[in-house]
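Quick notes on the structure that follows.
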Amino acid sequence: MRRVSPSRPARCAFSFALVLLVTLLAAAGCSPEAEPKTDAGTTVDATDAGGYARLVDPLSMPLQPTVQLDHFRSAGDCAGCHPKHHDEWSQSRHAFAMIDPVFRALVDLRQQEREGQEDGFCTQCHSAIGVRSGDIQPGFRWKDLAPVTLEGVTCEACHKASAIERVHNSGHVLDDDGPLCGNLENPQTVAFHESAKTPHMGEARFCGGCHDVVETNGLPLERPYEEWLASPAAAQGKPCQDCHMPRYDGTAALGGPQRQGLHRHRFVGVELPVGPGAPALDAATRSELEAEIAALLGSAAKVQLALPKPARGGEALDVVVTVRNAIDAHSLPTGSTFLRQVWIDLEVVDADGAMVYRSGDLDANGDLRDHWSEVDPYGDDDLVTLSSQLLDVAGNPTLFTWHAAEHRRNAIPAGHERTWTYFAPIPATTKGPLQIRATLRFRAYAPFLLRLVGLGQMVSDVPIHDLAKAATAVDVTAP
Ligand code: HEC
Ligand code: HEC
Ligand code: HEC
Ligand code: HEC
Ligand code: HEC
């Protein structure tokens with residue numbers, strides 16, 4: 001079996017026992033995995049009829065509420081005085097964290113399988129307010145959630161973070177009665193809220209508190225902060241904010257003083273909010289956002305093709321491709337690398353324009369021809385991908401983090417490069433010169449993944465970006 005089925009996976013007694021064992025071991029601070037990097041902080045409460053233990057974490061998944069829902073204000077309450085921050089945030093993926101249809105589909109699957117006992121896990125970062133206030137309960141339904149919970153990573157999920165206890169799995173302390181944290185010099189006083197100088201707001205570990213994700217069995221899923229710690233950017237003191245929250249000069253609040261170095265709040269990354277529930281963007285905003293994403297992605301990589309030796313008809317041509325991660329701050333790719341696709345599309349074309357060799361092209365469904373392809377599985381033996389792969393206990397690929405026992409990574413660390421050699425067979429009759437083109441391509445979601453979670457209609461909303469390209473030509477000598 002190569003593929004997980006879209007329906008509920010079979011729950012044999014073995015997997016039941018395993019799930020329980022893993023949870024208990026994680027709770028005891030050890031795991032059957034190789035040394036977990038961190039303690040996922042999970043403990044076990046009452047066990048339900050199905051044998052699943054409710055996940056509890058005193059900071060991020062408390063059994064009893066630690067904050068009060070009505071102490072958090074909606075982003076809409078900030079818009080009157082901070083219109084630019086509000087507009088930008090509402091176009092960001094942070095505002096979409098609890099709406100995102102792919103997120104919802106996966107949470108629904110986990111909810112079904114684990115009978116709601118792990119419902120706090122995925123939501124602890126996507127809505128820390130919802131989980132800690134008890135608005136999100138085992139077996140919760142999306143339509144019953146409070147508006148501020150559905151605002152996801154909303155203003156006060158960040159600006160009421162008074163301390164950082166751990167740099168993963170929703171590691172922030174949320175002070176529901178506290179002042180709003182920021183770093184303005186002498187902020188104007190305002191009756192609506194108190195302000196507090198909070199240096200961690202400007203640091204990478206503030207982002208890492210949510211951006212580093214560790215599964216309940218200790219398996220690291222997303223580690224941009226850990227990658228950053230070892231990067232040249234960390235050595236230069238260049239945090240996440242420098243690239244994902246570009247600076248501008250203006251006013252922080254309507255009528256406030258002119259200031260330098262304010263922070264854009266679109267949190268530009270790799271994609272627009274797309275699919276059902278996405279905000280309606282006017283054409284100008286949409287093209288601005290697309291341009292910001294394209295610029296960020298365009299800065300991520302360099303591709304080089306070594307000058308090949310002349311090809312000989314009837315033999316294989318060596319094509320040597322090097323990809324350099326031009327980001328000095330984290331791996332390429334980073335974040336949810338098991339959902340993203342980053343791959344090399346390599347073409348060798350003869351003098352008549354006929355394709356002599358191809359790797360990294362798409363099948364009739366728009367999928368890569370790897371093990372997930374429904375029409376040509378394993379059809380592209382040479383495929384080079386930088387995406388990561390989750391494997392279950394039996395070693396089969398899975399997309400579901402809660403089935404994963406191993407995370408196989410292919411990303412290139414900050415500032416590093418990697419080289420691959422393709423052996424492209426050249427038929428004896430081929431007419432040169434050959435054109436060789438290598439393109440590093442990215443997309444947020446593969447079509448098979450969207451179909452798997454019942455969102456096939458979104459396929460056309462997910463663009464493919466060309467991160468970097470290289471081209472060269474080579475003569476063909478007679479066999
Ligand atoms: C520790 C905090 C945290 C936890 C726990 C967490 N996430 Fe996320 N999630 C994030 C962050 C941060 C991102 C953005 C990363 C990126 O875009 O690569 C993200 C992105 C995603 C995305 C991609 C959305 C997009 O940008 O297109 C999906 C889908 C998702 N998460 C689903 C889940 C599911 C399902 C779970 C539970 C198995 C989960 N998350 C648990 C923090 C978390
Ligand atoms: C009545 C107007 C008003 C409202 C409503 C308002 N703010 Fe403010 N806020 C201000 C002013 C004025 C400042 C100080 C601006 C300056 O000095 O440049 C400020 C400063 C801030 C700061 C910087 C604090 C610091 O110490 O650096 C943050 C963060 C902030 N506001 C967030 C919010 C959030 C989140 C909301 C909604 C929950 C909100 N504000 C609602 C007027 C308002
Ligand atoms: C993902 C976390 C996050 C969210 C969500 C968020 N902010 Fe911020 N905000 C920041 C960070 C980080 C800074 C910069 C802090 C620093 O200067 O070190 C900041 C700065 C600010 C400032 C100070 C002026 C500036 O631009 O530097 C204001 C005002 C502010 N935010 C308002 C808001 C409002 C209003 C919302 C919601 C509409 C919001 N923020 C949502 C993280 C967030
Ligand atoms: C030097 C600029 C720079 C800094 C600093 C930086 N990033 Fe990035 N980031 C990028 C670029 C470029 C991309 C797009 C390429 C990619 O996905 O790796 C990106 C992509 C991302 C993504 C989206 C990944 C995906 O495919 O979903 C996340 C999440 C992210 N960064 C988080 C962080 C965090 C957290 C930090 C700080 C620990 C950080 N970044 C620091 C440049 C930067
Ligand atoms: C309270 C938790 C939380 C904090 C704090 C946080 N993030 Fe996020 N971030 C998320 C989640 C959850 C998502 C994924 C939302 C989605 O698309 O479903 C996300 C998405 C993103 C993305 C979009 C990636 C993409 O898919 O394009 C970027 C960029 C990003 N965050 C940057 C930052 C930076 C920079 C900081 C620190 C200033 C930060 N975040 C702090 C939770 C958080």
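Atoms within a ligand are numbered from 1 in the order they appear, just like the ligands themselves. Here the structure is a predicted model, which is why all the values come from computation and not from measurement.
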Exercise for the section: Work out whether the distance between some heavy atom of A75 and some atom of ligand 2 is less than 4.0 Å. Expected result: no
Practice task
Examine R369 relative to Y378 and say whether NZ or CZ is less than 6.0 Å from the centre of the six-membered ring and inside a 45° cone about the ring axis.
Solution key: no
Practice task
Return the option from A253, C81, G80, A157 holding the heavy atom at the smallest distance from atom 13 (C) of ligand 2.
Solution key: A253
Practice task
Identify, for atom 39 (C) of ligand 4, the protein heavy atom at the shortest distance, and state residue, atom and that distance.
Solution key: H330 CD2, 3.3 Å
Exercise for the section: Could you check which of R73, H159, H82, H86 puts a non-hydrogen atom nearest to atom 40 (N) of ligand 2? Expected result: H82
Problem - Within reach of ligand 3, part of H263 (heavy-atom separation under 4.0 Å) - result: both
Problem - A196 and ligand 2 - part of the residue with a heavy-atom distance under 4.0 Å - result: backbone
Practice task
Of the side chain and backbone of R259, name the one, both, or neither that has a heavy atom under 4.0 Å from an atom of ligand 3.
Solution key: neither
Exercise for the section: For ligand 3, note which part of C155 has a heavy atom under 4.0 Å away: side chain, backbone, both or neither. Expected result: both
Exercise for the section: Kindly confirm or rule out an N or O of H265 lying under 3.5 angstrom from an N or O of ligand 3. Expected result: yes
Practice task
Between M201, H172, E203, K84, flag the one that comes closest to atom 12 (C) of ligand 3 by a heavy atom.
Solution key: M201
Handout entry: H85 contact mode with ligand 2 (heavy-atom cut-off under 4.0 Å)
Key = neither
Fill in the blank from the handout: Judged by heavy atoms only, the candidate from S195, G202, P257 nearest atom 26 (O) of ligand 2 is S195
Problem - Minimum non-hydrogen distance to atom 6 (C) of ligand 2, winning option of Q258, E185, E156, H193 - result: H193
Exercise for the section: Pick, from T251, D77, T189, V190, the option with the minimum heavy-atom distance to atom 42 (C) of ligand 2. Expected result: V190
Practice task
Please verify whether a non-hydrogen atom of M245 lies at under 4.0 Å from ligand 3.
Solution key: yes
